[in-house]
Amino acid sequence: MSNANFVRLGKCFLQKGFKLNKYRSLKNEPDAFLHFFLLAEKDGVSDSESKVDSRIPEVPVSADDTPEVLNKALSGLSSRWKNWWVRGLFTLAMITFFFFIIYLGPMVLMMIVLCVQIKCFHEIIMIGYSVYHSYDLPWFRTLSWYFLLCVNYFFYGETVTDYFFTLVQREEPLRILSKYHRFISFALYLTGFCMFVLSLVKKHYRLQFYMFGWTHVTLLIVVTQSHLIIHNLFEGMIWFIVPISCVICNDIMAYMFGFFFGRTPLIKLSPKKTWEGFIGGFFATIVFGIVLSYFMSGYRYFVCPVEFNNDSNSFQVDCQPPELFQLQEYTLPSVLESVTGWTTVHLYPFQIHSVALSSFASIMGPFGGFFASGFKRAFKIKDFANTIPGHGGIMDRFDCQYLMATFVNVYIASFIRGPNPSKVIQQLLALRPDQQLHIFNSLKAHLVEKGLLPALEGAAA
């Protein structure tokens with residue numbers, strides 16, 4: 001008997017309620033009978049899996065949003081080269097816009113980060129809504145945007161308190177909001193949590209909790225990372241520009257090397273990614289990071305921390321550059337000396353750190369893209385949106401940037417940042433007068449003990 005007949009016969013028995021585990025207790029049945037049960041059970045499982053998969057609505061496919069002028073100009077090219085030109089032109093447009101907002105200063109950069117964050121959140125949430133809107137889940141989009149508001153209120157409130165301390169203390173309403181900021185943030189979140197519980201519908205419990213988790217994971221990925229980007233920006237614009245530029249460079253160079261030389265697939269999640277593009281992008285990004293860091297380290301505008309000037313009520317970027325951004329002389333290892341003929345080289349210490357940033361952008365950064373590719377494949381979509389012709393949505397361009405932002409923040413905290421005297425003074429000024437006096441006397445006694453202040457002066461006091 002053929003396998004097809006075995007399957008048909010087995011399905012008949014299974015539909016009648018005959019269970020395979022009951023059959024296994026029968027010792028006198030022929031082996032062929034067991035064979036068709038196994039085939040039928042396997043076929044039944046695959047059928048049920050396909051039915052489950054078919055119950056998930058697909059996200060509508062985005063239409064081609066390439067401008068008509070470009071479509072006409074590139075009509076004679078193959079789809080491969082047409083996509084190459086479209087991606088290239090809009091990449092140049094985005095890089096030009098990036099330089100423009102850098103010129104406008106840190107405040108504009110922060111606003112752009114916020115706008116990008118909101119757009120990325122919108123794209124991910126809309127995928128969930130497109131998939132499950134037919135179930136008519138109550139308050140799904142409303143609660144998603146409410147939680148976004150709550151989380152941004154918490155993070156930006158923390159940032160304002162840290163970096164605008166004197167301004168906050170000067171204005172009474174801001175001082176009160178700052179004092180009770182975390183309690184207000186928790187109360188806002190708790191309100192949203194109660195709204196979610198009240199919105200639960202019996203027939204959609206599981207799906208509603210799926211979407212609750214969807215919203216919170218999106219907040220974790222998008223909002224938290226964008227908050228870290230702003231923190232990196234306050235450390236100095238170079239900590240914002242170099243990492244982002246390294247990711248952009250790696251993306252471009254990996255695409256170029258893969259387009260012209262790619263032959264070996266890199267990962268199944270992204271069939272167009274190749275080992276040639278991955279390796280070529282790595283070395284190109286290392287060189288780019290070193291060159292860009294050398295150029296930017298010579299300008300105070302890029303290397304000085306972004307601080308708020310209370311006298312002018314504006315941001316200022318001016319300081320005496322730290323040693324990290326001062327040229328140092330380094331002795332080359334004997335291997336490099338034999339190759340280059342140089343005994344020493346002059347580098348900014350930041351250039352050495354840029355190698356670590358470039359390496360992460362090239363090796364680990366693409367995994368953010370692979371993660372996004374897996375997410376899109378799960379919902380059978382090509383891009384998160386069609387905001388940028390040839391590139392997809394904003395999230396398609398920033399899937400690697402968010403992972404990079406976390407690394408830079410951790411890297412600064414682990415290897416760069418030391419105690420900040422200005423923040424210590426700000427905290428001291430917030431204390432009561434008797435507490436300030438106690439700290440003053442303790443510090444004075446400590447300095448006398450260390451010999452940094454004359455003992456006579458300490459005794460006279």
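Residues take their numbers from the sequence shown, with the count starting at 1. Computed from a predicted model, the values in this text were never measured in an experiment.
Rounded to the nearest 0.5 angstrom, Ser270 OG and Phe278 CZ are separated by 12.0 Å. Distance CZ/Phe370 to CE/Met364: 10.0 Å, rounded to 0.5 Å. Here the straight-line distance linking atom CZ of Phe155 with atom CG of Leu219 works out to 9.0 Å at 0.5 Å rounding. Rounding to the nearest 0.5 angstrom, the gap separating the CG atom in Leu177 from the CD atom in Glu172 is 10.0 Å. Interatomic distance, Met237 CE to Ile102 CD1, rounded to the nearest 0.5 Å: 6.0 Å. The OG atom of Ser226 lies 6.0 Å from the CD1 atom of Ile230; values are rounded to the nearest 0.5 Å.
Within a 6.0 Å sphere centred on CZ of Phe371, other residues, nucleotides and ligands contribute 12 heavy atoms or fewer. Open room surrounds CD on Glu323; 12 or fewer heavy atoms of other groups in view lie less than 6.0 Å from it. By the 6.0 Å contact criterion, CZ on Arg300 is enclosed, its count of non-hydrogen atoms from other residues, nucleotides or ligands being greater than 12. For Trp145, the CH2 atom is densely surrounded, since the number of other residues' heavy atoms within 6.0 Å is greater than 12. Within 6.0 Å of the OH atom in Tyr330, the count of heavy atoms belonging to other residues, nucleotides or ligands exceeds 12. Residue-environment remark: CD (Gln435) exceeds the threshold of 12 foreign heavy atoms within 6.0 Å. Within 6.0 Å of CZ on Phe186 lie no more than 12 heavy atoms contributed by other residues, nucleotides or ligands. Taking a 6.0 Å sphere around NE2 of His216, one finds it holds more than 12 heavy atoms contributed by other residues, nucleotides or ligands.
Side-chain atoms of Pro366 and Asn250, non-hydrogen and from C-beta on, do get closer than 4.5 Å to each other. Taking 4.5 Å as the limit, some side-chain heavy atom of Ile381 sits within range of a side-chain heavy atom of Ile127. Side chains of Phe350 and Val303 form no contact here, defined as non-hydrogen atoms less than 4.5 Å apart. Considering only heavy atoms from C-beta on, Phe212 stays 4.5 Å or farther from Phe140 through its side chain. Counting only heavy atoms from C-beta outward, the side chains of Phe375 and Phe384 approach each other to under 4.5 Å. Using a 4.5 Å heavy-atom cutoff, the side chains of Met395 and Lys119 are not in contact. With contacts defined as side-chain heavy-atom distances shorter than 4.5 Å, the pair His181/Glu158 qualifies. Side chains of Phe398 and Tyr402 form a contact here, defined as non-hydrogen atoms less than 4.5 Å apart.
The minimum heavy-atom distance linking Thr218 with Phe121 is given by the pair CG2-CD1, 3.5 Å. Shown here for Leu143 and Gly192, the closest heavy-atom pair between the two residues is CD2-O, 3.8 Å. Residues Gly289 and Cys246 come closest through the heavy atom pair CA-SG, 4.1 Å. Val317 and Cys304 get closest at one heavy-atom pair: CG1-O, 3.6 Å. Considering every non-hydrogen atom in both Ser144 and Ile125, the closest pair reads OG-CD1, 4.0 Å. Shortest non-hydrogen contact noted between Asp399 and Gly369 is OD2-CA, 3.6 Å.
Looking only at atom types and distance, the side chain of Thr264 has a donor-acceptor partner in the side chain of Glu276 under 3.5 Å away. In this model, no donor atom of one side chain and acceptor atom of the other lie less than 3.5 Å apart for Ser358 and Thr285. In summary, the side chains of His353 and Tyr411 do present a donor paired with an acceptor at a separation below 3.5 Å, with no hydrogens or angles considered. For the residue pair Asn152/Gln117, the side-chain donor-acceptor check at 3.5 Å is satisfied.
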Worked check of side chain to side chain contact (heavy atoms under 4.5 Å, CB included) between Ile229 and Met110: CA-CA 9 Å; Ile229 291 176; Met110 293 178 202; over 6 Å; no
Test log, rule side chain to side chain contact (heavy atoms under 4.5 Å, CB included), inputs Trp214 and Ile124: CA-CA 9 Å; Trp214 181 298; Ile124 297 176; 3.7 Å; yes
Test log, rule side chain to side chain contact (heavy atoms under 4.5 Å, CB included), inputs Leu357 and Met404: CA-CA 8 Å; Leu357 300 179; Met404 187 71 189; 4.0 Å; yes
Worked verdict on Val151 versus Tyr189 for side chain to side chain contact (heavy atoms under 4.5 Å, CB included): CA-CA 8 Å; Val151 175; Tyr189 178 83; 5.7 Å; no
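Judged by distance alone, with hydrogens and angles left aside, the side-chain atoms of Asn409 form no donor-acceptor pair with the main-chain N or O of Ala405 at under 3.5 Å. A donor-acceptor pair under 3.5 Å is absent between the side-chain atoms of Glu235 and the main chain of Ile416, judged by distance alone. Not a single donor-acceptor pair under 3.5 Å links the side chain of Gln326 to the backbone N or O of Tyr348. A donor-acceptor pair is defined here as one N or O able to donate and one able to accept, closer than 3.5 Å; no such pair exists between the side chain of Ser178 and the backbone of Leu174. In terms of modelled atom types and a separation under 3.5 Å, the side chain of Gln351 and the main chain of Ile290 share a donor-acceptor contact. Panel note: side chain Asp396, backbone Gly393; a donor-acceptor pair is recorded below 3.5 Å. Gln401 places a side-chain N or O within donor-acceptor distance of the main-chain N or O of Ile244, the cut-off being under 3.5 Å. Looking only at distances, a side-chain donor or acceptor of Asn232 sits under 3.5 Å from a matching main-chain atom of Leu228. Formation of a donor-acceptor pair under 3.5 Å by the Thr274 side chain with backbone atoms of Gly277 is found in this model. For the pair Gln328 (side chain) and Pro349 (backbone), a donor-acceptor distance under 3.5 Å is absent.
Here the rule is side chain to side chain contact (heavy atoms under 4.5 Å, CB included) with Leu188, and of Ile184, Thr191, Leu190 only Ile184 fits it.
Residue pairs that meet the side chain to side chain donor-acceptor pair (under 3.5 Å) test with at least one member in residues 91-110, sequence neighbours left out, are Thr91-His391.
Ring geometry, Tyr299 versus Phe302: the interplanar angle exceeds 60°, so the pair is classed perpendicular (tilted spans 30 to 60°).
Outside the 6.0 Å centre-distance limit, the rings of Phe407 and Trp239 are not counted as a close aromatic pair. For an aromatic pair to be called close, the ring centres must be under 6.0 Å apart, and Tyr180 with Phe183 fails this. You'll find the ring centres of Phe209 and Phe196 inside the 6.0 Å limit.
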